[in-house]
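Here the structure is laid out as structure tokens; the discussion comes afterwards.
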Amino acid sequence: VIFVRRASEPDLEQCVGVLACLADYFTPDTHDEVRKAFLQHPAWVATLDEEVIGFLLVERRYSSTAEITFAAVLPDRQRAGVGTALVDTALGSLAHEGVAVVEVKTLDASSGYEPYVATRAFWERRGFHQIDCVDPLPGWQPGNPSAIYVAALTATR
Ligand SMILES: CC(C)(COP(=O)(O)OP(=O)(O)OC[C@H]1O[C@@H](n2cnc3c(N)ncnc32)[C@H](O)[C@@H]1OP(=O)(O)O)[C@@H](O)C(=O)NCCC(=O)NCCS
């Protein structure tokens with residue numbers, strides 16, 4: 001049975017282990033980024049037999065908005081609803097805390113990079129809408145056009 005729960009510090013290295021299995025998506029420098037962010041920001045993990053098979057990390061910079069900064073599921077556990085369960089649980093909890101709009105940044109279609117076709121399909125199926133493409137995005141390597149997606153958790157007007 002797959003469980004989704006709030007993450008805590010002992011889960012960190014297993015989450016980094018998930019990124020390490022996804023080299024087409026996460027360069028090695030992201031491992032330390034996650035190590036740093038994990039201790040400061042809310043995260044959720046999906047577990048199977050107490051092993052972490054996926055996680056999601058969120059950054060709260062303003063009271064009514066949030067950004068999903070990382071989402072990852074082990075390759076052999078993808079397409080089984082784990083990512084959806086992580087997103088549903090995290091967004092449910094954020095909505096409860098008064099978050100109205102959630103952002104996620106991913107690689108834009110204009111990159112022509114095939115692995116992210118499924119990623120954009122995932123966010124779109126989860127109710128995210130693309131509002132912009134920024135290239136170069138500060139902090140991202142040039143040549144990686146960033147697709148900016150948002151989802152509303154509640155009406156804002
Ligand atoms: C994106 C990711 C977190 C989704 O987790 P997941 O457990 O695979 O997702 P789910 O099983 O809940 O949902 C699968 C959905 O993704 C989309 N999807 C996944 N693979 C796809 C593919 N090869 N082609 C088209 N759509 C695909 C579909 O919309 C699918 O929904 P459907 O089955 O209802 O049609 C996971 O696939 C992953 O870790 N990918 C690599 C890393 C990554 O891209 N992270 C996000 C960076 S912004």
Side-chain angles (χ1 to χ4, degrees), residues 1-7 11-38 41-61 65-94 99 101-153:
V1 187
I2 289 163
F3 288 106
V4 173
R5 57 167 172 79
R6 272 294 291 267
D11 300 315
L12 170 56
E13 286 309 318
Q14 282 196 67
C15 292
V16 172
V18 172
L19 294 186
C21 293
L22 292 163
D24 287 347
Y25 298 86
F26 301 104
T27 49
D29 55 303
T30 60
H31 301 184
D32 277 343
E33 244 178 81
V34 163
R35 286 191 180 97
K36 212 167 129 192
F38 204 85
H41 301 290
W44 285 261
V45 288
T47 61
L48 178 64
D49 299 333
E50 288 168 32
E51 293 294 312
V52 172
I53 58 170
F55 77 99
L56 184 145
L57 197 61
V58 164
E59 234 174 88
R60 295 280 304 274
R61 292 184 287 268
T65 60
E67 177 179 354
I68 297 173
T69 49
F70 283 89
V73 172
L74 283 176
D76 60 353
R77 298 291 174 191
Q78 290 178 7
R79 296 218 79 178
V82 176
T84 298
L86 280 164
V87 168
D88 287 349
T89 304
L91 298 198
S93 159
L94 292 172
V99 171
V101 176
V102 178
E103 174 189 26
V104 68
K105 299 187 189 105
T106 190
L107 193 61
D108 187 72
S110 64
S111 66
Y113 186 60
E114 203 279 332
Y116 276 88
V117 172
T119 301
R120 289 188 301 275
F122 173 75
W123 293 118
E124 287 165 19
R125 290 277 291 195
R126 305 282 74 82
F128 284 77
H129 296 259
Q130 185 168 1
I131 56 163
D132 211 348
C133 169
V134 182
D135 185 18
L137 188 78
W140 284 28
Q141 285 165 10
N144 291 294
S146 175
I148 315 291
Y149 278 87
V150 294
L153 305 188

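Along the sequence shown, residues carry numbers from 1. Counting convention: from 1, in listed order, for ligands and their atoms alike.
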Check: Val102 main-chain N/O paired with Tyr149 side-chain donor or acceptor under 3.5 Å: no

Subset of ligand 1 atoms that lie under 4.0 Å from at least one heavy atom of Val82: 7 (O), 12 (O)

Heteroatom distance test (Tyr116, ligand 1): nitrogen or oxygen, under 3.5 angstrom: no

Salt-bridge present (Glu33, Arg35; N to O < 4.0 Å): no

Gly81, any N or O under 3.5 Å of ligand 1 N or O: yes

Donor-acceptor contact present, side-chain Gln14 to main-chain Val52, <3.5 Å: yes

Heteroatom proximity flag, Val73 to ligand 1, N/O under 3.5 Å: yes

Interfacing atoms of ligand 1 (cut-off 4.0 Å, heavy-atom, Thr119): 43 (C), 44 (O), 46 (C), 47 (C), 48 (S)

Donor-acceptor under 3.5 Å (Tyr113 side chain, Asp24 main chain): yes

Lys/Arg-Asp/Glu bridge criterion (N-O < 4.0 Å) met for Arg6, Asp11: no

Which segment of Arg125 sits under 4.0 Å of ligand 1 when only heavy atoms are counted: side chain

Sidechain N-carboxylate O distance under 4.0 Å for Glu67, Arg60: no

Val73 backbone acceptor or donor facing Gln78 side chain under 3.5 Å: yes

Side-chain donor or acceptor of Asp88 paired with backbone N/O of Ala85 under 3.5 Å: no

Part of Ala80 with heavy atoms under 4.0 Å of ligand 1, whether side chain, backbone, both or neither: backbone

Proximity to ligand 1 by part of Phe70, non-hydrogen separation under 4.0 Å: neither

Atom indices of ligand 1, in the order listed, that fall short of 4.0 Å to a heavy atom of Ala72: 39 (O)

Proximal atoms of ligand 1 relative to Gly83 (non-hydrogen, under 4.0 Å): 5 (O), 6 (P), 7 (O), 9 (O), 12 (O)

Location of contacts on Glu124 toward ligand 1, heavy atoms closer than 4.0 Å: neither

Taking atom 30 (C) of ligand 1 as the reference point, the nearest protein heavy atom with its distance: Arg79 NH2, 3.5 Å

Identity and distance of the protein heavy atom lying nearest atom 38 (C) of ligand 1: Gln78 NE2, 3.3 Å

Atom indices of ligand 1, in the order listed, that fall short of 4.0 Å to a heavy atom of Thr84: 10 (P), 12 (O), 13 (O)

Under 3.5 Å: N/O of Ala71 near N/O of ligand 1: yes

Thr106: numbered ligand 1 atoms lying under 4.0 Å from its heavy atoms: 48 (S)

Close N or O approach (Tyr25, ligand 1; < 3.5 Å): no

Min N/O separation Lys105 to ligand 1 under 3.5 Å: no

Test item: Thr69 side-chain N/O and Leu57 main-chain N/O as donor-acceptor pair under 3.5 Å: yes

Pro115 backbone acceptor or donor facing Tyr25 side chain under 3.5 Å: yes

Any N or O of Val104 closer than 3.5 Å to N or O of ligand 1: no

Phe122/Phe128 aromatic ring centres below 6.0 Å: no

Phe122, Phe55, Trp123, Phe26: member with heavy atom nearest to atom 14 (C) of ligand 1: Phe122

Interfacing atoms of ligand 1 (cut-off 4.0 Å, heavy-atom, Ala121): 26 (N), 29 (O)

Verdict with reasoning, Thr47 to Arg5, per side-chain hydrogen bond (donor to acceptor under 3.5 Å, both in side chains): CA-CA 8 Å; Thr47 61; Arg5 57 167 172 79; 4.9 Å; no

Side chain Arg120, main chain Leu107, donor-acceptor under 3.5 Å: yes

Nearest neighbour in protein (non-hydrogen) for atom 23 (N) of ligand 1: Ala118 CB, 3.6 Å

